[in-house]
Structures are given as C-alpha cells and as structure tokens.
2 protein chains.
Amino acid sequence: MFDMEPEALERFTWYMREISAMTIMFHTKIAEQMGVSATDEKCIDLIMRADGPVTAGRIAELSGLSTGAVTGVIDRLERAGFVRRVRDPHDRRKVLVEVTVGDVEKFGQLFEVARQSLIEVLSHFDEGELQVIERYLQVQIETFRKRVIDT
Amino acid sequence: MFDMEPEALERFTWYMREISAMTIMFHTKIAEQMGVSATDEKCIDLIMRADGPVTAGRIAELSGLSTGAVTGVIDRLERAGFVRRVRDPHDRRKVLVEVTVGDVEKFGQLFEVARQSLIEVLSHFDEGELQVIERYLQVQIETFRKRVIDT
DNA sequence: GTCGAACATCTTAGCCGCTAAGACAATTCC
DNA sequence: GGAATTGTCTTAGCGGCTAAGATGTTCGAC
C-alpha cells in the first residue's frame with residue numbers, strides 16, 4: 001500500500017515525538033508565564049479555540065475534568081482576570097465563560113515568540129513548498145483527529 | 001524580510017494551535033491507557049527519548065518536578081512494571097532509571113494507532129514532497145527549540 | 001587515610017486540586 | 001402544576017506536589 005524506507009519512517013516518528021514533547025513543554029511555559037496551572041491553561045486554550053462562548057459543562061466535557069473541578073478552574077481564571085462568567089439569558093442555569101477582552105496581552109510574550117518562530121520557520125520555504133506543508137498539516141489534523149482523538 | 005499574506009500566516013497559526021491541542025489530548029489518552037497520571041507519562045516519555053539510562057535527578061531537571069516528586073513518580077512506574085531502578089555502579093548515590101524491556105507492549109495500542117496514522121498521513125505525498133515536509137519538521141524542531149524551549 | 005563539604009536520593013509535613021456525590025436552582029415535559 | 005431533568009456549585013476525602021531536612025555516598029584538602 002505504501003512503501004517507504006523503514007529508516008525514513010523512523011526519522012519521521014522521531015520528529016513527531018520530539019515536536020510532541022516540545023509542545024508539552026511549551027504549554028507548561030505558557031502556563032507558568034500566565035501564573036496559572038497547566039490544567040487552567042488547558043481550559044483557557046479550549047475556551048479560546050472554541051467559536052463563541054462556552055458553558056462550564058462544555059469545558060468539563062472537553063477537558064475531561066469533573067464539573068466540580070471546572071468550577072475551581074473558572075474561579076481561579078476569573079480571579080486572575082482572564083475570563084468572565086456570564087449568565088446565559090436564555091437558560092439561566094448555564095454559565096457562559098468568555099475570555100476577557102483587554103487581557104490578551106497577559107498571554108503576551110511567549111505567544112509572540114511562538115508567532116515569530118513560526119514566521120521564521122516558514123521563511124525557509126518558497127510558495128510551492130508552503131503549499132505542500134499546508135496540505136501536510138491539514139492531512140495530519142484530519143487523520144489524527146479521526147483516528148486518535150475521536151475514539 | 002518575509003512577505004506572506006496575513007491570512008496564510010493566520011491559517012498556519014491555527015494549524016499549529018490545533019495540532020498542539022491534539023498533542024495534549026493524545027498524551028492524556030496514552031496516560032489513561034497506561035493507567036498512570038499525565039505527570040508519570042511525561043516522565044516515562046523523557047526516559048524513553050533520552051539515549052542511555054537517566055538518573056532520578058536528571059528526570060527532575062527535565063520534567064521540572066522536585067526530587068521528592070520524582071521519587072514518587074519512579075515508585076509508581078516501577079510498581080506498574082514500566083521502569084526499573086538500577087544503582088549506578090560508578091556512583092552509588094545515583095539511581096539510574098531504565099525502561100523495562102518486555103513491557104513496551106503495555107504502551108501498545110495507541111502508539112500503534114499513532115504510527116499507523118503517521119503512515120497514512122505520509123502516504124498522501126510523493127518522494128519530493130516528503131523531502132519538503134522532512135525539512136519543514138527539522139527546521140521547526142530546531143527553531144522552536146532555540147527560540148521557545150531553551151529560554 | 002581522615003574529615004568536612006558537596007552531592008543524589010529519599011522521607012515527611014502541609015497544601016492544593018481532583019473526583020464523586022449530593023445540594024440547589026432553573027427548565028422541560030407531561 | 002408537579003415530577004423529572006439539566007447545569008452548576010459545594011463538600012469530604014484522597015493523592016500528588018513542594019520545600020525542607022534526613023540519609024547515604026563521593027570528592028578534595030591536608
């Protein structure tokens with residue numbers, strides 16, 4: 001079905017593993033810089049990546065935490081000024097969690113460094129190569145979501 | 001210095017963020033499947049990615065945990081049969097931690113799924129495209145290690 | 001060789017976040 | 001309107017983490 005030298009596959013496996021570990025470290029550093037726990041940072045990332053406000057319960061589902069734990073997460077993030085609780089006017093049981101607008105700077109430094117690093121990486125490639133890379137990233141997201149995450 | 005449409009950069013940023021979140025989820029699932037905590041899985045990943053045996057203290061450095069916490073990590077991983085403590089014959093203060101050989105299967109399923117997924121992803125590309133992708137991964141690792149991790 | 005300083009790991013006390021179970025409040029269904 | 005359901009919060013109990021100190025080992029000066 002797909003013939004690739006075993007050594008090549010092994011190299012790619014190593015790249016994935018290395019990037020994977022760097023990703024974990026990156027999130028650890030972001031959390032440190034924001035002055036919150038890794039769990040809290042994971043949740044705020046969930047909230048930011050969602051489109052539109054998210055309920056507390058949805059955060060529990062997405063993060064795998066209990067609802068009780070999510071209450072604590074939101075308490076801490078709210079106290080630190082990263083998010084805000086808003087009662088859903090259509091269903092007043094629900095608590096919508098919104099990222100507070102002006103405080104995107106608090107994520108600041110390291111996100112900016114990451115953005116600059118991405119630009120630096122991409123600057124090594126011409127138009128046609130970037131198209132290949134973009135397709136690669138799209139296929140990777142699609143494949144891993146289907147086969148690894150949604151199971 | 002490097003001109004790229006802002007929308008393209010935004011798309012790539014989104015890809016990175018998405019992959020980043022999937023990576024976190026992946027490690028969470030691996031840990032679950034292994035029946036250990038995320039911290040423990042992070043440590044065993046460190047040990048496996050290192051070449052040669054690693055000391056307890058080195059694990060503390062690399063993971064950012066206190067030495068006391070690492071003692072607990074190794075206790076649990078040893079009890080679960082993933083690693084083994086070996087006294088360094090040259091310096092008997094040190095404790096070398098080795099991954100137990102026959103138990104690689106315990107990581108099993110999900111690693112295998114990930115490996116198969118990687119093969120599936122790569123099968124979408126021809127020889128020349130794979131070279132571009134490989135270069136991209138190398139540059140990414142190098143750049144992010146330099147600018148994000150080692151700071 | 002001996003002694004003290006430095007080093008590597010382990011132990012312990014105290015703290016904090018997580019889970020599970022149930023309380024409370026709002027909504028939906030009959 | 002009343003019962004069942006839903007969404008969040010509260011609480012008790014547990015387990016992992018940090019910081020500090022204990023224990024065992026090595027290194028260096030003499």
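Proteins come first, then strands; the chains are lettered A, B, ... in the order of their sequence lines, and each starts at number 1. Worth knowing before you read on, the calculation uses all heavy atoms, side chains too, and leaves out hydrogens, waters and symmetry mates.
- End-to-end axis angle of the helix from dG1(C)-dC30(D) to dC30(C)-dG1(D), from C1' rotation axes over five pairs per end: 20° (rounded to 10 degrees).
- Of the two residues contacting DNA chain C, namely Leu65(A) and Val95(B), the nearest-nucleotide position lying further toward the 5' end is that of Val95(B).
- With sequence neighbours excluded, no residue forms a salt bridge (Lys or Arg N to Asp or Glu O under 4.0 Å) with Glu32(A).
- Scored by the side-chain contact (heavy atoms from CB on, under 4.5 Å) test, Thr39(B) finds Ser37(B), Leu65(B), Val73(B) as partners (sequence neighbours excluded).
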Report each atom pair, protein N/O against N/O of nucleotides 2-6 of chain D, whose distance is under 3.5 angstrom.
| residue | atom | partner | partner atom | Å |
| --- | --- | --- | --- | --- |
| dT6(D) | O4' | Arg93(A) | NH1 | 3.3 |
| dT6(D) | O2 | Arg93(A) | NH1 | 2.6 |

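- Contacts of Phe26(A) classified as ring pair (Phe, Tyr, Trp, His ring centres under 6.0 Å), with partners at least two apart in sequence or in another chain: none.
- The shortest non-hydrogen separation linking Arg87(A) to Lys94(A) is NE-O, 3.6 Å.
- Counting to the nearest Å, the P atom of dG16(D) and the CG atom of Asp40(B) are 8 Å from each other.
- The side-chain hydrogen bond (donor to acceptor under 3.5 Å, both in side chains) contacts involving residues 5-14 of chain A comprise Arg11(A)-Glu134(B), where partners must be two or more places apart or lie in separate chains.
- Contacts of Arg58(B) with the nucleic acid, taken as non-hydrogen atoms under 4.0 Å apart, are absent.
- Residue Ala56(B) is in sugar-phosphate contact alone, with no base atom involved, counting any heavy-atom pair closer than 4.0 Å across all strands shown.
- Partners of Glu142(A) according to the salt bridge (Lys or Arg N to Asp or Glu O under 4.0 Å) rule, which considers only residues two or more places apart in sequence or in another chain, do not exist here.
- Summarising the geometry of Val70(B) relative to Ala56(B), their closest heavy-atom pair is CG1-O, 3.5 Å, with the distance given to 0.1 Å.
- Tyr136(B) meets the ring pair (Phe, Tyr, Trp, His ring centres under 6.0 Å) test with no other residue; sequence neighbours excluded.
- The outermost nucleotides of DNA chain C lying under 4.0 Å from heavy atoms of chain A, listed 5' to 3', are dG17(C) to dT27(C).
- Partners of Arg49(A) under the salt bridge (Lys or Arg N to Asp or Glu O under 4.0 Å) rule, at least two apart in sequence or in another chain, are Asp45(A), Glu18(B).
- Nucleic acid contact class of Ser37(A) (heavy atoms, under 4.0 Å, all strands): none.
- One finds a side-chain N or O of Thr39(B) lying less than 4.0 angstrom from the OP1 or OP2 phosphate oxygen of dC17(D).
- Here Glu61(A) pairs with Arg58(A) under the side-chain contact (heavy atoms from CB on, under 4.5 Å) rule; sequence neighbours left out.
- Gly68(A) comes within 4.0 angstrom of a nucleotide base, judged by non-hydrogen atoms across all strands.
- Leu96(A) has its CG atom 12 Å from the C1' atom of dT8(D), to the nearest Å.
- In this structure, Asp88(B) places its CG atom 19 Å from P of dG24(D), rounding to the nearest Å.
- Under the rule for a side-chain contact (heavy atoms from CB on, under 4.5 Å), the partners of Ser117(B) that lie at least two apart in sequence or sit in another chain are Thr143(A), Phe144(A), Arg147(A), Val148(A), Val113(B).
- One can place CZ of Arg87(B) at 11 Å from P of dG24(D), the figure rounded to the nearest angstrom.
- Backbone-only engagement by Arg76(B) is indicated by non-hydrogen atom pairs under 4.0 Å involving sugar-phosphate atoms exclusively.
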